[in-house]
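Accompanying notes for the structure given below.
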Amino acid sequence: TFKPQKKFTPGTMRQQLHKNAMASLSAGIDLKEAVKLPRGEDYNDWLAVHVVDFYNRISLIYGTVSEHCTEAACPKMSGGAKYEYQWADKVQYKKPTSLPAPVYIGLLMDWVEEQINDDRLFPGDSQTPFPKNYTASVKKILTRLFRVFVHVYIHHFDRLRNIGAEAHVNTCYKHFYYFVTEFGLVDKKELEPLKEMTMRLCR
C-alpha cells in the first residue's frame, strides 16, 4: 500500500518548480548542480517541492521490497548491527519505542504524509507564509525518510538487485544525499550508517 499520495495543484508555481526540477533530472544534468536553488526562486518552496518528491520516491522504493520486509524478517527497524531506530510521535508512542521495521516505516510514511498535507506547515498557495517551525519540520521529515534508505540498502539490497532496481534507487539516493547536504538538512551523525556506500556513490 505504499504509493505516492501527494501531488502539486495544477497551475501553481510549486507545480511548475516541480516540473522544472524533474526535467533537469531526466535530462541527465549533474545531480550536484540540479539540487541548487535556482536563481530567483523561493528557498522554502524549493524545499517543499523536494520533500514531497522524496516522500513519493521513497514510498515507491520501499514498496518494491515491502513483501520481504516482514515483522519476522525485520523484527527491529535497524540499519545493520550498530543502528536501531525507535519510534516516538508524542501521540501513540510517547517514548521512543522499538518496533518491527514494517510497522516503523508504516508509521513514518503516514506521519510524513500528514505533515505534507497540513496546510499550516506546507501552505497550499504562495501567498500564505511558511510557519516559523517550517525548516525544523523539514529537517525532521528528511532525517526520518533517510532511515528508510538505510534499512532498504542494508537489509534488502539483494532484492533491489534481483529486480533490476539498483541503478534507479542509487540515483534517487544520490539526489536525496546531494540535496540534504547542499542545504544542511540532515545531521552528519544521521548519515553515518551509509557513509561507506555514499563515499563510493557520491564522489
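Owing to the predicted nature of the structure, the values given are computational and were not obtained by experimental measurement. In what follows, residues are counted from 1 in the order of the sequence shown. What's counted below: heavy atoms across the whole structure, side chains too, no hydrogens, waters or symmetry copies.
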* Verify salt bridge (Lys or Arg N to Asp or Glu O under 4.0 Å) between K36 and E33, making sure each step is shown before the conclusion. => CA-CA 6 Å; K36 290 181 177 172; E33 288 302 310; 3.1 Å; yes

* Would you check, one step at a time, whether the test side chain to side chain contact (heavy atoms under 4.5 Å, CB included) holds for Q86 with T97? => CA-CA 5 Å; Q86 297 185 325; T97 306; 5.6 Å; no

* Intermediate values then yes/no, salt bridge (Lys or Arg N to Asp or Glu O under 4.0 Å), R159 and E67 -> CA-CA 10 Å; R159 167 72 180 158; E67 65 186 279; 3.6 Å; yes

* **CA sep, side-chain torsions, deciding dist, call: F149, I58, side chain to side chain contact (heavy atoms under 4.5 Å, CB included)** => CA-CA 8 Å; F149 272 125; I58 292 166; 3.5 Å; yes

* Asked: Given the rule in the ring pair (Phe, Tyr, Trp, His ring centres under 6.0 Å) test, do Y173 and Y153 qualify, once you have shown the distances and angles that lead to the verdict?
  -> CA-CA 10 Å; Y173 176 75; Y153 267 117; 5.5 Å; yes

* Do E192 and K82 pass the salt bridge (Lys or Arg N to Asp or Glu O under 4.0 Å) test, and can you show the C-alpha distance, the side-chain angles, and the key distance before you say yes or no? -> CA-CA 10 Å; E192 280 289 315; K82 274 176 76 178; over 6 Å; no

* Asked: Run the side chain to side chain contact (heavy atoms under 4.5 Å, CB included) check on V65 and L160 step by step: do they pass?
  -> CA-CA 7 Å; V65 302; L160 294 177; 3.8 Å; yes

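One hydrophobic cluster, built from ILVMFWY side chains closer than 4.5 Å, holds both Y43 and V186. Residues V169 and I163 fall into different hydrophobic clusters, defined by Ile, Leu, Val, Met, Phe, Trp and Tyr side chains chained together at heavy-atom separations under 4.5 Å.
Scanning both residues, K174 and C202, for their nearest heavy atoms gives CG-SG, 3.6 Å. The minimum heavy-atom distance between V150 and P193, with the atom names listed, is CG1-CB, 3.7 Å. When every heavy atom of E71 is checked against every heavy atom of P102, the shortest pair comes out as N-CG, 3.7 Å. Between C172 and I61 the shortest heavy-atom distance is CB-CD1, 3.8 Å.
Without hydrogens or angle criteria, D119 side chain to P123 main chain gives no donor-acceptor distance under 3.5 Å. When atom types are taken as modelled, the side chain of Y83 and the backbone of M77 share no donor-acceptor pair closer than 3.5 angstrom. A donor-acceptor contact shorter than 3.5 Å links the side chain of D42 to the backbone of D45. Although no hydrogens or angles enter the test, the distance criterion places no donor-acceptor pair under 3.5 Å between the side chain of D53 and the main chain of V49. In terms of modelled atom types and a separation under 3.5 Å, the side chain of K94 and the main chain of V91 share a donor-acceptor contact. No donor-acceptor distance shorter than 3.5 angstrom exists from the side chain of Y62 to the backbone of V148, with no hydrogens or angles considered. Using a distance-only test at 3.5 Å, with no hydrogens or angles considered, a donor-acceptor pair links the side chain of H151 to the main chain of S78. Remark: side-chain polar atoms of N117 are paired, donor with acceptor, to backbone N or O of E113 under 3.5 angstrom. Between the side chain of W87 and the backbone N or O of I105 there is no donor-acceptor pair closer than 3.5 Å.
For F122 and F130, the gap between ring centers reaches or exceeds 6.0 Å. Taking the six-membered ring where the residue is Trp, the centroids of H175 and F54 are separated by under 6.0 Å.
You'll find the side chain of S98 reaches within 4.5 Å of the side chain of K76, heavy atoms only.
Using cut-offs of 30° and 60° on the angle between ring planes, the pair F146 and F176 is parallel.
Judged purely by distance below 3.5 Å, without hydrogens or angles, the side chains of Y178 and D30 never pair a donor atom with an acceptor atom. S137 and Q115 share no donor-acceptor pair across their side chains, judged by distance under 3.5 Å alone.
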